[in-house]
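First up is the structure itself, then whatever we jot down about it.
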Amino acid sequence: MENLGEANFVREMAVGKREGFNSREHLRNAELQADQRGYKDILIVDVDAHHYENQYFGEIFKYIEDPVLKHLALQRDGNPANILFNSPNNQFNAGRLLRYGGIPHEEAEGNEHPETTRSRRQRTAIGIDYQIIFPTPMLALGMHPDPQIETALSWAYTRWWTEEVLPQDNSVKSMVYLPFFDVDASIRMIKTFGEMPGVIGFMVTSTRYAAVHDNKYMRLYAMLEERGMPLGFHAAFNQQERLFEGMNRFISVHSIGFVLNTLIHATNMIINGIPERFPKLKILLIESGLAWIPFLMQRLDNEYLMRTNEAPLLKKLPSQYLAENFYYSSQPLESTNMEALELTMKMMNAKTQLLYSSDYPHWDFDLPSVIWDLPFLDDQAKRNILGLNSLEVFPKLKAEVLGKMKNA
Amino acid sequence: MQKTFIAKIEAIESGQRFLAKFSGIEIVVFGHKGQIFAYENRCLHQGGPVGEGMILGRVVSVLDSEKRLVREEFSESEDQLICPWHGWAYSLQTGECAGLRGVYLKKFEIVNEKGSVYVQSQS
Ligand code: FES
């Protein structure tokens, strides 16, 4: 029996579905970790967090431009079922993850938007300085049978986000959703929102059947390369993907589904020489974890050496493109085998290519400690992954951080 | 022996859970089906507040004689404490992690003296 000494206090504990959910209180143990590890002296940028934009469809739908779609969206009191692409889902693990029931009831402080309150509380608790926030149900829109809906909703969502919420807090950043099916609409998004404060990049949802090397995308890539703004591919899963028809569990579909489209898009990008055509285009692969990277490196290298004729634009091995031309968000960091993780990080040049992400409040979120506590990383590598690498990927963020330091 | 008063037994039996904070460690004390438990309130995964979590019977698969799945059900004999952050589950009786056998939540001894519940904080 260890000596615990005197208790500082004993109090009743809030359990289960609390009245008035508070994200900071839910993350109180994260705040203790942040204090113990001294995160306040370290720049922490979270490149992938989320909100549940469906809570605010009442505010978003008014920005839909197409009058017929707007009429459709506004039926049934803004119930989104008629315009979203829905799959069976068990993110909340049958109620075991208590925040899923609480977050919709979190109240705003003062006059600010509830999202501003919620995201500040989560950042404060986790120890995050800047956070890129993405939508949640809309991540499935790339599978919607009517591509006009992706175009219309991404426009309406981005207007709401950049006009009503983003200006309330400098710590929140956005990679604007591009309706990838429609290149003209995507270019309009870049031109309209690219210069807005808080917008630091652009994002395509990965779950779609698009061929990312199609000629129609070249002017999009050229435009982003010229602007120096990164393009993220955010993974998701589609339970209705035909390959998954025999998969009965959320765990099965999620484990494979969040990697499947990333494997396909990264392969197409490399084999078709997109990094050679646009060497300064920064591509960030979001939310597929890291374990797939050594797999794809070895598969592609092995076959490339026998079929260089099929990839004539390449000037180096596919694995070198993966280690030098792509960036990766860290979550969900697969860490049950430390030796494998260490080798993975070495193969992918984690010190320069890896960016910390929490994915909070989703079911498999990661705290910064998943990076900070790794025994094989040196101090500089940890600082790079937690924040400094993001400054290289997001020039607008770098300018803001440097400007702040100058003024301090 | 040093012990720290947590609560009256009635409060624990009514379903209230209590958090005792010592320097460097927090302990959650709660009751379930007539027993009282005390565990460190720090999940072995990423340090979540495991003591706030749901208590549910372990999910078990029922197979027939040909090893076909008949159904799943909640165990009546084995309850689990489930961390509310990501869902790591622990045996309520022993604190053993369901997914990593042989790994345990830190458990503390409870003393019930005439309806007052204490955590034993020093031998
Ligand atoms: S911290 Fe408890 S399940 Fe992750």
Side-chain angles (χ1 to χ4, degrees), chain A residues 1-18 21 25-34 36-37 90-102 125-126 248-251 331-333 335-336 358-370 372-373, chain B residues 1-7 11-12 14-30 38 40-43 45-56 59 69 72 74 80-89 99-100 106-109 117-123:
Chain A
M1 166 65 59
E2 65 188 289
N3 182 358
L4 299 175
E6 294 289 321
N8 298 338
F9 64 78
V10 177
R11 67 164 167 82
E12 194 187 336
M13 193 181 209
V15 180
K17 285 181 186 152
R18 298 188 180 94
F21 184 84
E25 181 59 26
H26 180 68
L27 290 165
R28 200 176 55 86
N29 279 21
E31 200 158 347
L32 295 174
Q33 280 185 32
Q36 284 160 359
R37 289 163 176 77
N90 186 16
Q91 297 259 1
F92 76 144
N93 203 353
R96 289 169 174 84
L97 310 185
L98 301 178
R99 64 187 167 281
Y100 280 82
I126 299 175
N248 57 338
R249 301 291 179 177
F250 178 86
I251 182 177
Q331 182 277 345
L333 193 77
S335 58
T336 50
S358 75
D359 195 38
Y360 192 81
H362 288 173
W363 70 280
D364 50 350
F365 74 90
D366 278 341
L367 296 176
S369 56
V370 303
W372 189 251
D373 295 352
Chain B
M1 183 182 87
Q2 186 176 320
K3 53 195 196 315
T4 299
F5 174 72
I6 301 296
I12 291 175
S14 74
Q16 287 170 261
R17 297 187 194 179
F18 292 88
L19 187 77
K21 184 172 168 55
F22 298 85
S23 56
I25 191 167
E26 290 186 357
I27 298 173
V28 59
V29 180
F30 57 95
E40 181 176 8
N41 188 35
R42 189 166 61 92
C43 176
H45 177 218
Q46 291 187 31
V50 61
E52 291 180 22
M54 269 187 178
I55 296 171
L56 271 180
V59 175
L69 179 68
E72 287 175 344
F74 291 108
Q80 293 179 322
L81 177 63
I82 299 162
C83 179
W85 275 8
H86 312 90
W88 277 37
L100 291 172
K106 200 181 250 188
K107 193 173 187 187
F108 292 87
E109 300 222 353
V117 174
Y118 299 83
V119 136
Q120 191 169 317
S121 47
Q122 191 184 354
S123 50

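Order of the sequence lines fixes the chain letters, A, B, ..., with proteins taken first and strands second; residue numbering starts at 1 for each chain. As a basis for the values below, the full set of heavy atoms in this structure was taken, side chains included, without hydrogen atoms, waters or symmetry mates.
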Q: Identify, with sequence neighbours excluded, every residue that meets side-chain hydrogen bond (donor to acceptor under 3.5 Å, both in side chains) alongside Ser23(B).
A: none
**Q.** Results of side-chain hydrogen bond (donor to acceptor under 3.5 Å, both in side chains) for Lys21(B) - residues two or more places apart only
**A.** none
(Q) Quick check for you: among Ala11(B), Cys43(B), Pro84(B), which has the greatest number of heavy-atom pairs under 4.5 Å with chain A? (A) Pro84(B)
Q.
Counting heavy-atom pairs closer than 4.5 Å to chain A, which one of Gly87(B), Pro49(B), Gly53(B), Gly24(B) comes out on top?
A. Pro49(B)
Chain A contact via [X] - which portion, at a heavy-atom distance below 4.5 Å:
| X | result |
| --- | --- |
| Phe5(B) | backbone |
| Val50(B) | neither |
| Leu100(B) | neither |
| Val29(B) | neither |

Q: Would you mind checking which part of Tyr100(A) comes under 4.5 Å of any heavy atom in chain B, side chain (CB onward), backbone (N, CA, C, O), both or neither?
A: neither
Q | Part of Glu12(A) within contact of chain B (heavy atom distance under 4.5 Å) | A | both
Q | Side-chain touch Val10(A)/Leu19(B), heavy atoms, less than 4.5 angstrom | A | no
**Q.** Glu26(B) and Arg28(A) ion-paired at < 4.0 Å
**A.** yes
